[in-house]
Amino acid sequence: MSNYITIGMDLGNRKHTVCALDQTGNVLWRKDVANTPEALKPFFEENAGATVAMETGLCCRWVSALAKSCGCDALVGNARKLAAIWQSKQKNDENDALLIAELARASRRLFHPVELRDDERHEMVQLIELREVAVSQRTQAVNSVRGLCKAHGVFIPKCDASCFHKVAADAIPDGMAWKFKPMLRHLKEVAATIKRYDAMLEEYAQKHFKEEVELLQTAPGVGPITSCAFVAHMADPKRFGRARDAGAYFGLTPGQDKSGDKDAPKHITKTGSAAVT
């Protein structure tokens, strides 16, 4: 069992900078640990019983899961709300690890801990993000082709993005077509990729979240992609005491700037997932 209360980890791509505090808040030691399961597992086992604090990021999911499996109390703080860290005037890995440890030790509530998604929802989020990459590529390519054609006085008719490569091929004159053919072939492939991800998402949702997505799709304008995104990012809906609390979770409530007699109106916060909002 560890004899100190908190370990702060500043997560990195190649290594994690670590700072350990004792029960009175004094620094016991600092070190770097390689960002590999082989290096982290014995480190966590050696410090079983300690609270291991880190910010949300690309590695936090598997690192925190490994820490828990080794007997540590893993605490993942919402990086968006830890302004004391990313606004620091003395920002470096060592200071960040120390500040993470101090914030987590001072108050779990002020560290803004998050509840990470379960494996099924995490898989669906990744499918949505991969699909979004293909959609972004298509949007950029379609806009580029339209703009370049306009420079020659050629205006491609409005159409659904999924069939743009067909409409553009018919609209572009033969004398110009040679330079657009590779891009139109690429757009055809991207459209097929998006279609495959749509099918994968629908199949995965039917397997793991059939009841939830079908219920959401009874609402007007809600299709498979929107329902999948909502279910995946919502995680456990039982966390919310009221239905309107879900809107705040997705950043669909106005911000607040009230002090004394001042109560300035604010736009919605948009702090939730962009895939849903």
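Residues D32 and D93 are not in side-chain contact: their nearest non-hydrogen atoms beyond the backbone lie 4.5 Å or more apart. Inter-residue side-chain proximity for V27 and C19 is flagged as met; some heavy-atom pair is nearer than 4.5 Å. Side-chain contact between H208 and M124 is absent, with no heavy-atom pair separated by less than 4.5 Å. Contact annotation: the side chain of R185 never approaches that of H165 to less than 4.5 Å [non-hydrogen atoms, C-beta and beyond]. Contact annotation: the side chain of L98 approaches that of L21 to within less than 4.5 Å [non-hydrogen atoms, C-beta and beyond].
For K207, the NZ atom is loosely surrounded, since the number of other residues' heavy atoms within 6.0 Å does not exceed 12. Within a 6.0 Å radius of CD in E203, other residues, nucleotides and ligands contribute 12 heavy atoms or fewer. Residue K91 qualifies as enclosed at atom NZ: its count of foreign heavy atoms under 6.0 Å is above 12. Within a 6.0 Å sphere centred on CD of E132, heavy atoms belonging to other residues, nucleotides or ligands number more than 12. Few gaps surround CG on N143; more than 12 heavy atoms of other groups in view lie less than 6.0 Å from it. With a 6.0 Å radius and a threshold of 12 heavy atoms from other residues, nucleotides or ligands, K31 has its NZ atom above the threshold.
Taking all atoms of both residues into account, the shortest heavy-atom contact from S64 to C60 is OG-O, 2.7 Å. Contact record, K15 with T17: NZ-OG1, 3.6 Å, taken as the closest heavy-atom pair. The minimum heavy-atom distance linking C72 with N47 is given by the pair SG-O, 3.5 Å. Closest heavy-atom contact between G8 and I100: CA-CG2, 4.0 Å. The two atoms that bring A141 and M183 nearest to each other are CB-SD, 3.8 Å, heavy atoms only. Here the shortest heavy-atom pairing between I156 and R146 reads O-NH1, 2.6 Å.
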Side chain to side chain contact (heavy atoms under 4.5 Å, CB included) evaluation trace for R138 with S162: CA-CA 9 Å; R138 182 175 67 182; S162 62; 4.0 Å; yes

Salt bridge (Lys or Arg N to Asp or Glu O under 4.0 Å) assessment of R61 paired with D119: CA-CA 10 Å; R61 183 179 180 83; D119 291 342; 2.9 Å; yes

Test side chain to side chain contact (heavy atoms under 4.5 Å, CB included) applied to M9 and L40, step by step: CA-CA 11 Å; M9 297 186 69; L40 286 168; 4.1 Å; yes

Worked verdict on H16 versus N35 for side chain to side chain contact (heavy atoms under 4.5 Å, CB included): CA-CA 6 Å; H16 308 311; N35 185 26; 2.7 Å; yes

Audit row: K41, E45, salt bridge (Lys or Arg N to Asp or Glu O under 4.0 Å) steps and yes/no: CA-CA 6 Å; K41 189 173 187 295; E45 289 175 341; 2.5 Å; yes

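Connection of L148 to L187 is established within a shared hydrophobic cluster, with ILVMFWY side chains joined at heavy-atom distances below 4.5 Å, either directly or through further cluster members. Under the 4.5 Å side-chain contact rule for hydrophobic residues, V142 and L184 share a cluster. The cluster map of Ile, Leu, Val, Met, Phe, Trp and Tyr, joined by side-chain heavy atoms under 4.5 Å apart, puts L28 and V52 in the same cluster. Linking Ile, Leu, Val, Met, Phe, Trp and Tyr whenever their side-chain heavy atoms come within less than 4.5 Å leaves F43 and L75 in two separate clusters. Hydrophobic clustering, with ILVMFWY side chains joined whenever heavy atoms are under 4.5 angstrom apart, keeps F111 apart from L116.
Note that CD of E202 and CG of L127 are 12.5 Å apart. Values are rounded to the nearest 0.5 Å. In this structure, L130 CG and I194 CD1 are separated by 12.0 Å, a value rounded to the nearest 0.5 Å. Distance SG/C228 to CD/Q206: 8.5 Å, rounded to 0.5 Å. We find the CE-CZ distance between M234 and R117 to be 11.5 Å, quoted to the nearest 0.5 Å. Rounded to the nearest 0.5 angstrom, L99 CG and E55 CD are separated by 8.5 Å. A distance of 10.5 Å separates CD in E123 from CG in D118, rounded to the nearest 0.5 Å.
A tilted orientation is assigned to the rings of Y204 and F209, their planes being inclined by 30° to 60°.
No side-chain donor-acceptor contact under 3.5 Å links R131 to the backbone of D198.
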